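First the structure, in the form of structure tokens, and then the observations on it.
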Amino acid sequence: MSGLKAMSAQRDIAIVAFHQSDCQASAGATNEVELIMPEIRAVMDQVGLHNAQDVDFVCSGSCDYLQGAAFAFVAGVDALGAVPPIRESHVEMDAAWALYESVLKIRMGHADSALIYGFAKSSPGELPIVLSQQLDPYYLAPLWVDTVSLAAMQARLMLDAGKITEADMAAVVSRSRRNAMNNPHAQLAGDLSVEALLQEAPFVSPLRRHDCSPVSDGASAMIIATVEQAEAWGKPYAILRGIDHRIESHNLCTRDLTDSPSTRRAAEAAGVADGAIDVAELYAPFSHQEIILSRALGLGEGTRVNPSGGVLAGNLMMASGLSRVGEVFQRIVSGEARRGVAHATSGPCLQHNLVAVVEAA
Amino acid sequence: MAQLAAVIGTGQTRYKTKRGDVSIAGLLREAAVNALEDAGLGFEDIDAVVIGKAPDMFEGVVMPECYLADALGANGKPMLRVHTAGSVGGSTALVAASHVQSGTFKRVLTVTYEKQSESNAMWALSTPQPFAVHLNAGAGGYFAPIIREYMRRSKAPWDVGIKVAVKDRLHGARNPLAHLHKPDITMKEVEESMMLWDPLRLLEACPSSDGACAMVIAAEDAVDSSAKPPAWIRGGAMRSEPTMYAGREEVNPRAGRDCAADVYAQAGIRDPRRDLDVAEIYVPFSWYEPMWLENLGFAEEGQGWRLTMEGATSLDEGGDIPWNPSGGVLSSNPIGASGMIRFAEAARQVRGDAGAHQVEGAKLAMGHAYGGGAQFFSMWIVGADKP
């Protein structure tokens, strides 16, 4: 079994543009199309493109249940101006997987460039309850076990096994909030000490509210291309060196929830260990999950983890995974980092994980 | 450039109103196991799994790949979920093929499904939306006015739809997996069935089915495991346009014409009626056969209905270009799978694997799916000959 790394000798993929909206607790009356349009405009402007016909492929990620309508993504196409018709596809997953589909399309030679976007307005519903309907529809979904409760059980297993302490979890949150002070799109930011965080009351024990990512509305978009196309555009770019994703069993009882073997496997296939990692952006919706992921990825002292604040500072459902890749891209293009890893997750307790390696061109 | 890829296994369930004997996972596994057996492979041989279905709100399972990973042997592997409205069955096949055509994987399992008996499509399609006019409309009500416009422009006789309904049900009677088996159906029976959305009668509409369809797609150097010949993928294309825009041609959508031109160019097809041996085209409502005959270039604009009436698309009448020998969407409609069934049936034809609905000597076949307000299209061409 080979990851996309094996293909890198044939066709390198360049990330050329990225933009993310502010993470808002509520976008109010702004609808999904209105959330998407500024992000698409922003990445088009970064490259100097005018419309969706200027790229060869468009792929998006969204979730009908967050919008409360079947075929909700169809309205998203209205943000594209798809006249004349475009080559377009959609995954009912985080847009990081739309990126994956786009990479395949470029690798097979059917496109030289792609526009990717993800969006969601989670605020109108009760997100942890909505996501409980991801569970086995016969045995688990009728129990309405929400995502926070499942994550709390995972954290409890970590604590009981002595793999983390509550102070470790608070340290993740403290760093996230402090890093987010430099991120204009963050929803939650501030200078909070571990001691102060540990004074907070439990929410769903052992999780405190700050151990859980907030509910956010927004969107993000990205443009990728072959290196030749990126050179022709004449804009700074980073190389997507590897990308891979793996899913695990849905049966929580058969998984070791204190580890993430699917992340480790995806990291191997994406080539994470082939060089030093300066920066990592991890999609960890709960503080203890950042520790699980950092360990599975083998990250050491030399890696800055979630310099954006990560999703604990603002979690755009269906776009946060793509945004992790975008955050790493931006730090590489700005010269802050040479090589980074981005991660996306889906499903209860990190069931499905995607890992991407981004390098300076 | 794209690596060669071929379909080396197809698997389907029996299509029925209600498959109460299996869970959703059981339904998919049945199709997947059938496809793997056809390919001469086991789950352990599969590198990645790609699934597709219509909206999650139909069965009420959010992002069902999480739940289905175990049943499809996907644990430890990449698993992707495609959703592109009614065209999803075709799009999913194309995305699965890209896993191989990109040179990334050797063997990919792809499965699409719908379990309409555990679903309420009418409810799911009619949830009230903020800032929008509330719509309580099924697909038939949406498409009926567009069909009437086709009838007005083409001056087609009133009973063309009835002819399609009979033809596809006679085809379906040859297919043991088809949901509707009506070997004795007559024009009169269709004409006398209840008018649902003028001009569409009950028997001119697709049924609601439970079912799943699966395929194994393999790289050039991995096609030999199956006892049957491979169906080589000769071209694949997708197109999307908005549901509404000023001047949109809804009868003969540009996205469909562009998509067909793209896939024909890849496969070296100049005249689809002459160059293709058979086509499995997404016709959920009878009149979409003549409309798509024109949209896909099998007939000049305004002339598609003549092919239908002359029997050109009928297996029973010895037509030169049979459409939907499996019985088509009019005979079985597990929504999310319906597009992939078209793609898989095209593959079966060029593998000589279509049983009683085999088109003799078929070498080149087309699979087609559309969705939304006839705004999303996916198509592929498969051939017996290696390109």
Side-chain angles (χ1 to χ4, degrees), chain A residues 1-4 6-7 10 29 31 58 63-65 68-71 73-74 77-78 80-93 97 100-101 103-105 107-110 130-131 133-138 141 244-251 261-262 265 346-348 351-352, chain B residues 1-3 23-24 47 54-70 74-85 91 94-95 98-99 101-105 118 124-125 127 129-131 236-243 245 248 253-255 258-259 372 375-376:
Chain A
M1 229 183 282
S2 63
L4 282 183
M7 288 295 297
Q10 294 182 30
N31 71 19
V58 180
C63 174
D64 279 356
Y65 258 84
F71 299 124
F73 69 92
V74 170
V77 176
D78 283 350
L80 297 171
V83 185
I86 57 173
R87 297 175 180 86
E88 187 262 348
S89 189
H90 172 262
V91 292
E92 193 84 352
M93 308 177 80
W97 278 270
Y100 186 85
E101 180 178 332
V103 167
L104 296 177
K105 193 69 86 177
R107 298 270 194 225
M108 71 184 276
H110 271 213
V130 172
L131 292 179
Q133 299 308 292
Q134 266 185 337
L135 300 170
D136 180 312
Y138 304 100
D244 192 273
H245 65 103
R246 305 283 159 162
I247 199 165
E248 294 180 37
S249 173
H250 187 61
N251 190 333
S262 56
R265 199 157 182 179
S346 177
Q351 187 189 346
H352 193 178
Chain B
M1 294 315 288
Q3 309 284 309
S23 63
I24 294 170
D47 299 328
D56 293 358
M57 293 180 82
F58 280 13
E59 289 87 351
V61 186
V62 178
M63 301 181 212
E65 71 277 6
C66 294
Y67 153 63
L68 292 166
D70 296 81
N75 297 347
K77 299 173 186 175
M79 186 167 185
L80 199 79
R81 156 73 192 293
V82 180
H83 180 22
T84 62
S91 311
L94 294 178
V95 173
S98 74
H99 281 65
Q101 291 168 312
S102 61
T104 312
F105 301 102
E118 292 187 35
L125 292 172
T127 53
Q129 288 297 295
F131 322 117
M238 289 162 68
R239 285 294 185 284
S240 308
E241 66 183 27
T243 319
Y245 61 89
R248 180 172 182 233
R254 174 160 178 192
D258 288 3
C259 191
Q375 65 193 105
F376 300 109

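All chains are named by letter (A, B, ...) in the order of the sequence lines, taking the proteins before the strands, and each is independently numbered beginning at 1. The model shown is predicted, which means the values in this text are computed figures rather than measured ones.
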Report task. Tell me, for A/Ala69 versus chain B, whether the close heavy atoms (under 4.5 Å) come from the side chain, the backbone, both or neither. Result -> both
Query raised in the report: Taking A/Pro348, A/Ser89, A/Pro261, A/Gly81 one by one, which has the highest count of heavy-atom pairs under 4.5 Å against chain B?
Result: A/Ser89
Query - Salt bridge present between B/Arg248 and B/Glu241 (N-O < 4.0 angstrom) - result: yes
Query raised in the report: What residue in B/Val82, B/Asp56, B/Thr243 has the most heavy-atom pairs under 4.5 Å with chain A?
Result: B/Asp56
Report task. Spell out, as yes or no, whether a donor-acceptor pair under 3.5 Å connects the side chain of A/Tyr138 to the backbone of B/Ile24. Result -> yes
Report task. For the pair B/His83 and A/Phe71, name the ring-plane relationship: parallel under 30°, tilted 30 to 60°, perpendicular over 60°. Result -> tilted
Requested in this report: Would you mind telling me which of A/His90, A/Arg87, A/Glu88 makes a side chain to side chain donor-acceptor pair (under 3.5 Å) with B/Ser240?
Outcome: A/Glu88
Requested in this report: Could you list the residues that satisfy side chain to side chain contact (heavy atoms under 4.5 Å, CB included) with A/Ser346, not counting sequence neighbours?
Outcome: A/Trp97, A/Gln134, A/His352, B/Met63, B/Glu65, B/Cys66
Query raised in the report: Given a strict heavy-atom distance threshold of 4.5 Å, which part of A/Ser262 is in contact with chain B: side chain, backbone, both, or neither?
Result: neither
Requested in this report: Just give me the residue among B/Cys259, B/Ser91, B/Ala85, B/Ala124 that pairs up with chain A most often, heavy atom to heavy atom, under 4.5 Å.
Outcome: B/Ala85
Report summary line: Scored by heavy-atom pairs under 4.5 Å with chain A, the best of B/Asp258, B/Leu94, B/Leu80 is B/Leu80
Query raised in the report: Ignoring hydrogens and geometry, is there a side-chain-to-backbone donor-acceptor pair from A/Glu92 to A/Asp64 under 3.5 Å?
Result: yes
Requested in this report: Side chain from CB out, backbone as N, CA, C, O: work out which of these in A/Asp78 comes under 4.5 Å of a heavy atom of chain B, or both, or neither.
Outcome: side chain
Query raised in the report: Between B/Pro242, B/Ala54, B/Pro253, which shows the greatest number of heavy-atom pairs under 4.5 Å with chain A?
Result: B/Pro242
